[in-house]
Amino acid sequence: ANHEICKMLKLDSNWIAEIIRKRNAIEHPEGHSGKMQFTNIQRAADGFVLPTWNRTTGKKSQILEDIDACLWNSLTFAEDILVNCIREKPAFPHIDLAEIPEADRDPAMPIRLRVVPTAELMTKIQPPSDLKK
């Protein structure tokens with residue numbers, strides 16, 4: 001229960017379960033997840049309402065927003081699993097992975113993770129304080 005991957009699964013269980021329920025609602029429409037209902041783009045007084053979807057047992061939400069969130073969540077989840085696996089059995093024990101703050105990412109290539117030396121390695125390669133002068 002204290003393993004990092006178990007903690008991730010617990011934190012991410014709601015959005016993962018909803019993806020599974022949506023898939024089940026499509027593949028097994030008479031099952032426990034209900035049926036999927038889709039509403040196409042609609043005209044409204046102030047413009048248009050984007051397409052929505054919902055399970056008969058759930059609330060309506062915009063398809064494009066949900067798919068965007070699903071893609072983002074899936075990619076970051078996969079990256080986080082990879083980071084945890086690398087940390088579990090590191091090939092290079094003095095190297096770690098760190099997340100680049102979103103504000104510091106290049107929009108043209110928004111890399112999320114980078115390789116960094118561990119804190120232990122940094123203390124070993126720092127010169128003694130009397131040599132810094």
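Sequence positions, counted from 1, serve as the residue numbers for this chain. Bear in mind the structure is a predicted one, so any value in this text is a computation, not a measurement.
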Determine, step by step, whether K59 and N54 satisfy the side chain to side chain contact (heavy atoms under 4.5 Å, CB included) criterion, reporting the C-alpha distance in whole Å, the side-chain angles of both residues, the deciding distance to 0.1 Å, and the verdict.
CA-CA 6 Å; K59 65 176 187 164; N54 65 290; 5.9 Å; no
Evaluate the side chain to side chain contact (heavy atoms under 4.5 Å, CB included) criterion for residues H94 and K124: first the C-alpha distance (whole Å), next the side-chain angles of each, then the deciding distance (0.1 Å), finally the verdict.
CA-CA 10 Å; H94 295 297; K124 289 180 179 180; 3.8 Å; yes
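If you take CG on N24 and CZ on R55, they are separated by 9.0 Å, rounding to the nearest 0.5 Å. Between L97 atom CG and E99 atom CD the span is 11.0 Å, to the nearest 0.5 Å. For the atom pair CG of D66 and OG1 of T52, the computed distance is 10.0 Å after rounding to the nearest 0.5 Å.
Ion pairing of R114 with D96 is absent here, as no side-chain N (NZ or NE/NH1/NH2) approaches a carboxylate O to less than 4.0 Å.
In this structure, I100 belongs to a hydrophobic cluster whose other members, linked by side-chain heavy atoms under 4.5 Å apart, are M109, I111.
The minimum heavy-atom distance between T76 and R112, with the atom names listed, is O-NH1, 3.6 Å.
Both F92 and V115 belong to a single network of hydrophobic side chains, linked directly or stepwise wherever heavy atoms of I, L, V, M, F, W or Y lie under 4.5 Å apart. Under the 4.5 Å side-chain heavy-atom criterion for grouping Ile, Leu, Val, Met, Phe, Trp and Tyr, I20 is connected to F77 within one hydrophobic cluster.
The cationic group of K22 lies under 6.0 Å from the six-membered ring centre of W53 and within 45° of the ring axis, placing it in a cation-pi geometry.
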Show which side-chain atoms of residues 7-14 pair as donor or acceptor with protein atoms under 3.5 Å away, not counting sequence neighbours.
residue : atom : partner : partner atom : Å
K7      : NZ   : E4      : OE2          : 3.4
D12     : OD1  : W15     : NE1          : 3.3
S13     : OG   : K10     : O            : 3.0

